[in-house]
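Fair warning: this is a prediction, and the values are worked out from it, not measured in the lab. By convention in this document, chain letters (A, B, ...) are assigned in the order of the sequence lines, proteins followed by strands, and residues within each chain are numbered from 1.
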Amino acid sequence: MISIKRFAYEPGEHELEKASNSYVMSLVAIIGGLPFPIINLIATLAFYVGNRKGTYYVRWHCMQALLSQFSVFLVNTVGFWWTISVILGYESVSNQYIAYLLTILVFNAAEFLGTIFTAIKARKGVHVEWWFYGDLTNLICKP
Amino acid sequence: MRKLIIQGTGMVAVFLFTWFALSEVDWMSIFKVEQITKATEEKLGKTIWDWFNHSEKEIRDSEIFNTVDSLLTKVCASNDIYRDQVELHIVSNEEVNAFALPGNHLVIYSGLINSSENESELCGVIAHELAHIKMEHVMKKLVKEVGLSVVISMSTGNNGGEIVKEAAKLLSSTAYDRKLEKEADLMAVDYLINAGIEPRHFADFLSRLSESQPEIESHFAWISTHPDSQKRADYINSYREGQPQEVVAVLANGTWMRLKENINNLDDNF
């Protein structure tokens with residue numbers, strides 16, 4: 001799911017910190033915005049926009065962090081509104097609902113651990129590409 | 001690009017497979033969701049009924065109770081509903097009203113019995129309220145109107161009298177939304193047909209009370225809070241049409257008239 005690859009060039013010390021921070025940003029946002037999934041996405045998007053004129057290495061990692069956040073945002077949003085419907089009495093608690101919550105819990109946990117790992121590696125200058133998101137980032141983010 | 005599409009599809013497939021695999025587990029039993037929900041409803045129902053019991057006078061006359069109970073039992077028995085699960089309360093109040101409370105409490109006002117011209121009309125209202133109970137409309141309405149936190153707070157005993165009073169008023173004097181009312185009406189027709197009771201009488205009851213004089217409409221809570229009564233009567237009649245039915249009498253000859261006399265005598269005493 002996660003692979004270590006050689007980046008197009010050797011990033012400098014100042015780039016490593018910013019690239020690592022893009023993941024740290026999404027981690028902080030996950031903790032802060034757990035009940036409201038949009039907060040995670042907005043925080044990561046804000047960080048990306050702030051660094052869109054940064055170096056290729058920084059932009060690349062900001063983009064990977066943003067894309068991974070987007071899919072988590074989608075599944076979490078469904079879970080959020082489903083929960084609201086249950087709270088308001090439009091839907092009942094069911095095996096499917098509990099299974100969905102557990103599934104997004106597993107995916108969020110995987111994303112969370114992957115993010116910590118990548119943040120540490122990015123800080124050390126190790127270029128980590130995620131399965132699917134890495135290729136997607138390569139497609140979108142050009143030097 | 002092809003690799004990307006395969007990876008994306010694979011990721012979605014893994015997500016859906018995990019969800020569907022986990023859905024096969026009976027989480028409802030593991031987390032005892034139904035038992036907890038039932039216990040909460042029962043506690044809530046008791047709290048709200050206790051409030052009514054203090055402010056209203058419940059009729060304990062055995063002849064009145066047994067007659068109405070016979071009608072309720074007939075509707076329940078013909079529709080696989082355990083009669084013991086439903087708690088029937090007949091309240092002395094001239095308002096034409098009947099409503100369901102959480103925990104399967106069914107409350108019928110003497111005014112509604114008085115306004116019914118025959119047993120089938122009363123059975124129609126009973127079937128309608130039973131449908132609300134069976135389709136869990138009561139809790140849905142309560143949660144929607146007062147909020148889940150307030151409902152939980154009431155069921156855990158941390159309830160202010162004002163909140164219980166508001167919940168009681170809400171359940172006794174406001175209608176469910178149109179969709180839920182229609183669902184309950186149509187299910188009531190099914191219940192009546194299964195019980196061998198002519199649903200047209202239920203429609204007649206709605207039509208008649210909707211034509212009531214405006215000055216006495218305030219007494220017809222069950223009608224004035226249920227909008228478009230004539231429209232309801234119409235769709236009940238059209239839903240009923242074409243459905244085969246064998247009509248049977250629930251009460252013995254003269255029992256219905258005796259019930260109304262007993263209710264009238266009670267009203268005279270208050």
Side-chain angles (χ1 to χ4, degrees), chain A residues 1-3 5 35 37 63-64 67-112 114 128-142, chain B residues 1-38 40-41 44 102 132 134-152 167 170-171 176-177 179-180 183:
Chain A
M1 299 297 280
I2 284 177
S3 57
K5 291 186 178 173
M63 179 57 81
Q64 181 168 256
L67 292 173
S68 66
Q69 276 297 307
F70 186 71
S71 50
V72 173
F73 162 75
L74 289 180
V75 293
N76 285 0
T77 299
V78 173
F80 174 77
W81 288 109
W82 197 343
T83 303
I84 293 292
S85 301
V86 168
I87 290 171
L88 295 179
Y90 292 109
E91 296 281 341
S92 321
V93 177
S94 61
N95 285 330
Q96 284 73 22
Y97 170 68
I98 297 172
Y100 188 83
L101 288 190
L102 292 172
T103 307
I104 60 172
L105 193 74
V106 169
F107 273 73
N108 274 277
E111 211 264 352
F112 192 80
V128 177
E129 288 193 9
W130 292 19
W131 195 70
F132 176 67
Y133 297 110
D135 287 333
L136 190 60
T137 308
N138 283 327
L139 198 72
I140 299 168
C141 194
K142 299 292 177 196
Chain B
M1 190 65 182
R2 192 163 167 266
K3 185 185 165 198
L4 203 64
I5 293 168
I6 292 169
Q7 284 181 341
T9 312
M11 204 166 66
V12 173
V14 168
F15 181 84
L16 292 177
F17 176 78
T18 311
W19 179 23
F20 287 123
L22 286 172
S23 297
E24 293 304 306
V25 180
D26 190 3
W27 301 107
M28 298 288 279
S29 300
I30 293 170
F31 292 126
K32 296 181 177 167
V33 174
E34 273 164 14
Q35 288 98 313
I36 293 168
T37 307
K38 199 170 167 231
T40 307
E41 274 191 45
L44 197 59
H132 278 313
K134 290 310 286 181
M135 289 190 285
E136 295 171 356
H137 290 170
V138 185
M139 283 301 282
K140 278 181 189 169
K141 180 183 178 185
L142 202 56
V143 168
K144 196 175 157 189
E145 298 289 336
V146 302
L148 187 66
S149 60
V150 176
V151 171
I152 292 171
L170 180 83
L171 291 172
Y176 297 81
D177 67 43
K179 186 174 160 274
L180 299 188
E183 275 177 17

Below 4.5 Å from any heavy atom of chain B, which atoms of A:Val106 appear? Answer side chain, backbone, both or neither.
->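 When you check distances to chain B, no heavy atom of A:Val106 falls under 4.5 Å.
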
Residue A:Leu102 versus chain B: region with a heavy atom under 4.5 Å |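 Backbone plus side chain of A:Leu102, per the 4.5 Å heavy-atom cut-off to chain B.
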
Partners meeting side chain to side chain contact (heavy atoms under 4.5 Å, CB included) with A:Val93 (sequence neighbours left out) |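 In terms of side chain to side chain contact (heavy atoms under 4.5 Å, CB included), with neighbours along the sequence ignored, A:Val93 is linked to A:Val86, A:Tyr97, A:Ile98, B:Met28, B:Val33.
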
Proximity breakdown for [X] and chain A, heavy-atom pairs closer than 4.5 Å:
X	answer
B:Val25	backbone
B:Met139	neither
B:Lys141	neither

Answer with yes or no whether the side chains of B:His137 and B:Glu183 bring together a donor and an acceptor at under 3.5 Å.
->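 Indeed, the side chains of B:Glu183 and B:His137 share at least one donor-acceptor pair under 3.5 Å.
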
Donor-acceptor pair between A:Ser68 and A:Glu111 side chains, under 3.5 angstrom =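 Side-chain D/A pair, A:Ser68 to A:Glu111: present.
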
Set of salt bridge (Lys or Arg N to Asp or Glu O under 4.0 Å) partners for B:Lys38, sequence neighbours left out |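 B:Lys38: salt bridge (Lys or Arg N to Asp or Glu O under 4.0 Å) contacts with B:Glu42.
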
Heavy-atom pairs under 4.5 Å with chain A, option from B:Glu34, B:Lys140, B:Met11 with the top count =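 The candidate making the most pairs under 4.5 Å is B:Met11.
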
Aromatic contact, A:Tyr100 with B:Phe15 (centres under 6.0 Å) |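 Close enough - the centres of the two rings lie under 6.0 Å apart.
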
